[in-house]
Amino acid sequence: MKCKITGKKIIPFMSFGKMPIANGFLNKNDFKKEFFYELKVGFSEKFSLFQLDEYPSIKKMFHKNYPFYTSSSNYMIKHFKEYANWSKKYLNSKSKIIELGSNDGTFLKNFKNTNIEAIGFEPSKNVSDIAKKKGIKSINRFFNLENISDLKDFKTNTDLICGANVVCHIPDLINLFNTVDKLLSKDGVFVFEEPYLGSVYEKNSYDQIYDEHIYIFSGVAISKIAAEFDLKLIDLIPQSTHGGSMRYVVCRKNSKKSQSKNVNKIISYEKKINLDNSQFCKNFKNNCEISKKNLKKKLIELKNQNKKICGYAATSKSTTVLNYCNIGPEIIDFITDTTPEKIGKYSPGSHIPIIDHKLFLKEKPDVSVLFAWNHAKEIMNKEKIYKFNGGKWLTFFPRVKVW
Ligand code: TYD
């Protein structure tokens, strides 16, 4: 494989095997023509960058029926409100904002009824249309150099360019950073929060690795990449979202903005656990293999006891777990989910039926595998009756646990 920034050869250190599109929920009659690729990962020493080898074309991933709505989680709605409030320290009443991957407008909605001019770039039409209905200026395109020519007022005049769970989806980081350079004001900031390599490694949450997550960033990686584009990393703020994310704050190299103490603190920690070099990769690979063995063993044990096993939430992350561990409908009877686009379909690759979450209690599963483990708090609050009636949860990070 080639490093996506330097173009230099990297040897992948691990394969998760044949993978379908993580969000490619499908109908029965589409099983035969399902698309697969090999999910392999590698590490660029130069940029300390954890990256996928092969990945499907981005048009296969973000399209008119993209089945993910930011607003499907109440916790995420709250999170984006707090993110918007926090970002106001970089804004004045006449500032301009651009959000990348603005989805259904959950973040930008917080700037309605202000004088701030905010626009979102959202390549998936269905979610972009929902944002428009909320009165948000949502441009149904990818954020790149080719798509900003008509944004004259925003050129070198945007105080905040931001995103959440989006930069790691963008294959061409060179084009991305050059686009940011064209738009960012002299003292503006580029802020993004993404699943964090430190959390993935610590929790062994390898399910963050799937087609859409072309990179898993760390502080050290972003500081090196930013420097390459005459930018500097001025803050690192850990987030609890997506099972452990990091908010990166980047500005122009010659901006007067000072660097928070967090940057050196977090980067020193990353160096201590070898996230800046490929030494951690071997451990990570071993941990994934152990996790796979233990999860499979536990599920087979439960199935042999005739337990009815369900998956809770048909997340993109679960596509990696189910396919890497070879778990199908012979083990997990069904997965419940709240997303209309997923209900009635089958999980990618593993072909487990997805049923409406409304049937969760009626189906009385003995054990529910919590695929949306990152939303555990919200889900436990919601599903007290399930537990009260004797239902058990199965979680698998950092280790397999039935409770
Ligand atoms: P998320 O962890 O954000 O998914 P991904 O791995 O794709 O980033 O979870 C979103 C999915 O989980 C979505 O399909 C809706 C589903 N979900 C439920 O079904 N019930 C819930 O209570 C929550 C929070 C999510």
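Indexing begins at 1, ligand by ligand and atom by atom, following the structure's order. What you are looking at is a predicted structure, and each value in this text was computed from that prediction instead of being measured.
The ring-ring contact (aromatic ring centres under 6.0 Å, His included) with His351 is formed by just one residue from the set Phe31, Phe25, Phe334; it is Phe31.
Note on residues 223-232: pairs passing side chain to side chain donor-acceptor pair (under 3.5 Å), not counting sequence neighbours, are Ser48-Lys224, Asp230-Lys253. Within the structure, the salt bridge (Lys or Arg N to Asp or Glu O under 4.0 Å) test picks out the following pairs touching residues 327-354 (sequence neighbours left out): Lys303-Asp333.
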So what's ligand 1 close to, N/O to N/O, under 3.5 Å?
residue	atom	partner	partner atom	Å
ligand 1	2 (O)	Lys317	NZ	2.6
ligand 1	2 (O)	Asn374	OD1	3.3
ligand 1	2 (O)	Asn374	ND2	2.8
ligand 1	2 (O)	His375	NE2	3.3
ligand 1	3 (O)	His375	NE2	3.2
ligand 1	6 (O)	Ser316	N	3.3
ligand 1	6 (O)	Lys317	N	3.3
ligand 1	6 (O)	Lys317	NZ	2.7
ligand 1	7 (O)	Ser316	N	2.9
ligand 1	7 (O)	Ser316	OG	2.4
ligand 1	14 (O)	Asp337	OD1	3.0
ligand 1	14 (O)	Asp337	OD2	2.8
ligand 1	14 (O)	Thr339	OG1	3.2
ligand 1	14 (O)	Lys342	NZ	2.7
ligand 1	19 (O)	Thr338	N	3.2
ligand 1	19 (O)	Thr338	OG1	3.4
ligand 1	22 (O)	Lys382	NZ	2.3

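Between His357 and Phe360, the two ring planes are parallel [angle under 30°; tilted spans 30° to 60°]. Between Phe35 and Tyr37, the ring planes are parallel. Angles under 30° get that label, and only those over 60° would be called perpendicular.
Taking the side-chain contact (heavy atoms from CB on, under 4.5 Å) definition, one finds that Ile385 meets it with Leu361, Asn389, sequence neighbours left out.
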